[in-house]
Amino acid sequence: MMMMKAFRSPARHGYAVEVSPFIPSRLACAASQNYGIAGCGTLLVLDETETGISLVRSCEWGDGLFDVAWSEANEHILVAGGGDGSLQLWDTANHNAPLRVAKEHTQEVYAVDWSQIGENLVVSGSWDFTAKVWAPDLGQSLTTFRGHEGVIYSTIWSPHIPGCFASASGDGTVRVWDVKSGACRLAIAAHKAEILSCDWCKYDQNVLVTGSVDCSVCVWDQRNVRQPVNQLLGHTYAIRRVKFSPFSQTVLASCSYDFTVRFWDYSRNQPLLETVEHHSEFVCGLDFNLHVRNQVVDCSWDETVKIYSPACLSAATHTAAP
């Protein structure tokens, strides 16, 4: 039986969850009232304990919160993206109000990510069709990236190439951008439907994964984008988030509006490793714990955040990272 710990946040529907890069037991969840359609947002900072999950901080915002990312330079700092077009910089040591609010996007900010390598930067993606890159103090944005013809749902820094990020959009493309030149380096017509999420392989700088409303997860090699390396089928509703494992080159996870989280090894003939069904609503947030091998965290519109270690990740049935 898989061990699982849960935290319940009444009347707060989870949109995104991320494990701290500094503290193995700490995670943050961006949540919204009324499924994010109306009302306020809450940033939850949580700690795993021996017996469950405890609340460390709860920060309130006047609009829904849709994504969250920890600073890679300061263990107390987070950035969140809001339904009012804002990015807020929060300090877990001082939770009354954000340190700074940046409001340049004209519609919902659905994606935020903090760079892990190179310059210390934040990227945001919005329903206004633009991505923006910011210094860590969230002063005026450094660059605005235009080119998508639909809502941007996901913006993720490359873990390999400094100043490079990918964006996934409702226009059915994933684009790779270069901050220095401000240019789009590559556009992949990845799906014939909206793409809600993308992520980079942690061991190969050319490999990306996309998750779409068409229920498919596609793995791409930037050197040949005419067709995916693999198409992973099994979800029965839109895929909300995809994440590559930090420990295994070809293992990844996806969560969906079908209430499940699925684990895959795209190098296998039968790539589906496991389907986890422990939520009663859309599963929107998903992350691997970098510090605790095989541990996964997720959050759902059923008002819960869950921490668990799927059996398939500890089984020696897939290729470990070199």
Look at K180 together with D178 and state whether they make a salt bridge at an N to O cut-off of under 4.0 Å. no

Side chains of F244 and V209 in contact at under 4.5 Å (non-hydrogen atoms): yes

Looking at side-chain heavy atoms only, is the closest gap between V45 and R26 below 4.5 Å? yes

For W70, is there any backbone N or O sitting under 3.5 Å from a side-chain donor or acceptor partner on E18? yes

Non-hydrogen side-chain atoms of T173 and H191 separated by less than 4.5 Å: no

Please tell me whether W61 and D84 have a donor and an acceptor in their side chains that are separated by less than 3.5 angstrom. yes

So which atom in F263 and which in V276 form the shortest heavy-atom distance, rounded to 0.1 Å? CE1-CG2, 3.8 Å

Pair R185-I161, side-chain contact (heavy atoms from CB on, under 4.5 Å): steps then yes or no: CA-CA 13 Å; R185 288 176 31 187; I161 303 162; 4.1 Å; yes

Can you confirm whether L232 sits close enough to L272 that some side-chain heavy atom of one is under 4.5 Å from a side-chain heavy atom of the other? no

Run I188 and L186 through side-chain contact (heavy atoms from CB on, under 4.5 Å) and show every step you take. CA-CA 7 Å; I188 307 171; L186 179 67; 4.0 Å; yes

Nearest-0.5 Å distance, OG1 of residue T130 to CD1 of residue I152: 6.0 Å

Distance (rounded to the nearest 0.5 Å) between L99 CG and N94 CG: 6.5 Å

On a heavy-atom basis, which atom in Y153 and which in E194 lie closest, and how many Å separate them? OH-OE2, 2.9 Å

Measure up the W127 and F66 rings against each other and bin them: parallel (under 30°), tilted (30 to 60°), perpendicular (over 60°). parallel

So, R12 and E303, do they make that salt bridge, N to O below 4.0 Å? no

Considering non-hydrogen atoms only, spot the tightest contact between T92 and L78 and give its length. CG2-CD1, 3.5 Å

Does any part of the side chain of L55, heavy atoms only, come nearer than 4.5 Å to the side chain of F7, both counted from C-beta? yes

Evaluate the side chain to side chain donor-acceptor pair (under 3.5 Å) criterion for residues D113 and T155: first the C-alpha distance (whole Å), next the side-chain angles of each, then the deciding distance (0.1 Å), finally the verdict. CA-CA 7 Å; D113 195 34; T155 48; over 6 Å; no

Cluster question for you: counting only ILVMFWY and a side-chain heavy-atom cut-off of under 4.5 Å, with indirect links fine, are Y266 and V174 together? no

Does a side-chain N-to-carboxylate-O contact under 4.0 Å join D287 and K243? yes

Can you tell if the side chain of V79 reaches within under 4.5 Å of the side chain of Q88, non-hydrogen atoms only? no

Quick check against the 3.5 Å criterion: does S126 have a side-chain atom that pairs as donor or acceptor with the backbone of Q107? yes

Exam field: side chain S256 to backbone A238, donor-acceptor pair closer than 3.5 Å: yes

Are I117 and V123 connected, step by step, through hydrophobic side chains (Ile, Leu, Val, Met, Phe, Trp, Tyr) whose heavy atoms are closer than 4.5 Å? no

Would a distance-only check, ignoring hydrogens and angles, find a side-chain to backbone donor-acceptor pair under 3.5 Å from S248 to S245? no

Using a distance-only test with no angle check, is there a side-chain donor-acceptor pair under 3.5 angstrom linking E60 and T42? yes

Kindly determine whether W200 and N206 satisfy side-chain contact (heavy atoms from CB on, under 4.5 Å), including the steps that lead there. CA-CA 8 Å; W200 297 88; N206 293 299; over 6 Å; no

Taking all non-hydrogen atoms of both residues, which atom of S154 and which atom of A111 are closest, and how far apart? CA-CB, 3.7 Å

Heavy-atom nearest pair, H148 first then S167, reads NE2-OG, 2.6 Å

One thing to verify: whether K132 and E104 come together as a salt bridge, which I'm taking to mean a side-chain N less than 4.0 angstrom from a carboxylate O. yes

Group every Ile, Leu, Val, Met, Phe, Trp and Tyr by side-chain heavy-atom contacts under 4.5 Å, then state whether V19 and V17 land in the same group. yes

Expected output: side-chain S300 to main-chain D302 donor-acceptor under 3.5 Å: yes

Co-membership, hydrophobic cluster, residues V292 and F22, 4.5 Å side-chain: no

Backbone N or O of T106 within a donor-acceptor pair of the D128 side chain at under 3.5 Å? yes

Distance-only donor-acceptor check, side chains S309 and N294, under 3.5 Å: no

How long is the span from the CD1 atom in I77 to the CH2 atom in W90, to the nearest 0.5 Å? 11.5 Å

Is a donor on one side and an acceptor on the other found under 3.5 Å between the side chain of D67 and the backbone of V112? yes

Look up atom NE2 in H235 and atom OG in S212, then write down how far apart they are to the nearest 0.5 Å. 11.5 Å

According to a hydrophobic-cluster definition based on side-chain heavy atoms being under 4.5 Å apart (Ile, Leu, Val, Met, Phe, Trp, Tyr only), do V283 and I53 belong together? no

With a 4.5 Å cut-off on side-chain heavy atoms, are P159 and Q116 touching? yes

Quick one: does any side-chain atom of H76 pair with a main-chain N or O of S71 as donor and acceptor, under 3.5 Å? no

Could you tell me whether a side-chain N or O of S169 sits under 3.5 Å from a main-chain N or O of V151, the two making a donor and an acceptor? yes

Just verifying a value: how many Å separate K5 NZ and S54 OG, rounded to the nearest 0.5 Å? 10.0 Å

Dump the intermediate steps for side-chain contact (heavy atoms from CB on, under 4.5 Å) on L313 and V251, then the final yes or no. CA-CA 9 Å; L313 297 185; V251 170; 3.9 Å; yes

Looking at Y308 versus H278, is the centre-to-centre ring distance below 6.0 Å? yes

Please report the interatomic distance CG(D47) to OG(S25), rounded to the nearest 0.5 Å. 4.5 Å

What is the minimum heavy-atom distance between R146 and W177, and which atoms define it? O-CH2, 3.5 Å

Show the numbers, then the answer: is there a side chain to side chain donor-acceptor pair (under 3.5 Å) between W114 and N120? CA-CA 7 Å; W114 212 296; N120 188 17; 2.5 Å; yes

Under the criterion ring pair (Phe, Tyr, Trp, His ring centres under 6.0 Å), which of Y257, Y15, Y237 is the partner of F282? Y257

Below 4.5 Å, heavy atoms only, C-beta onward: do V297 and L286 meet side chain to side chain? no

Answer yes or no: is there a donor N or O on one side and an acceptor on the other, between the side chain of T260 and the main chain of R262, under 3.5 Å? no

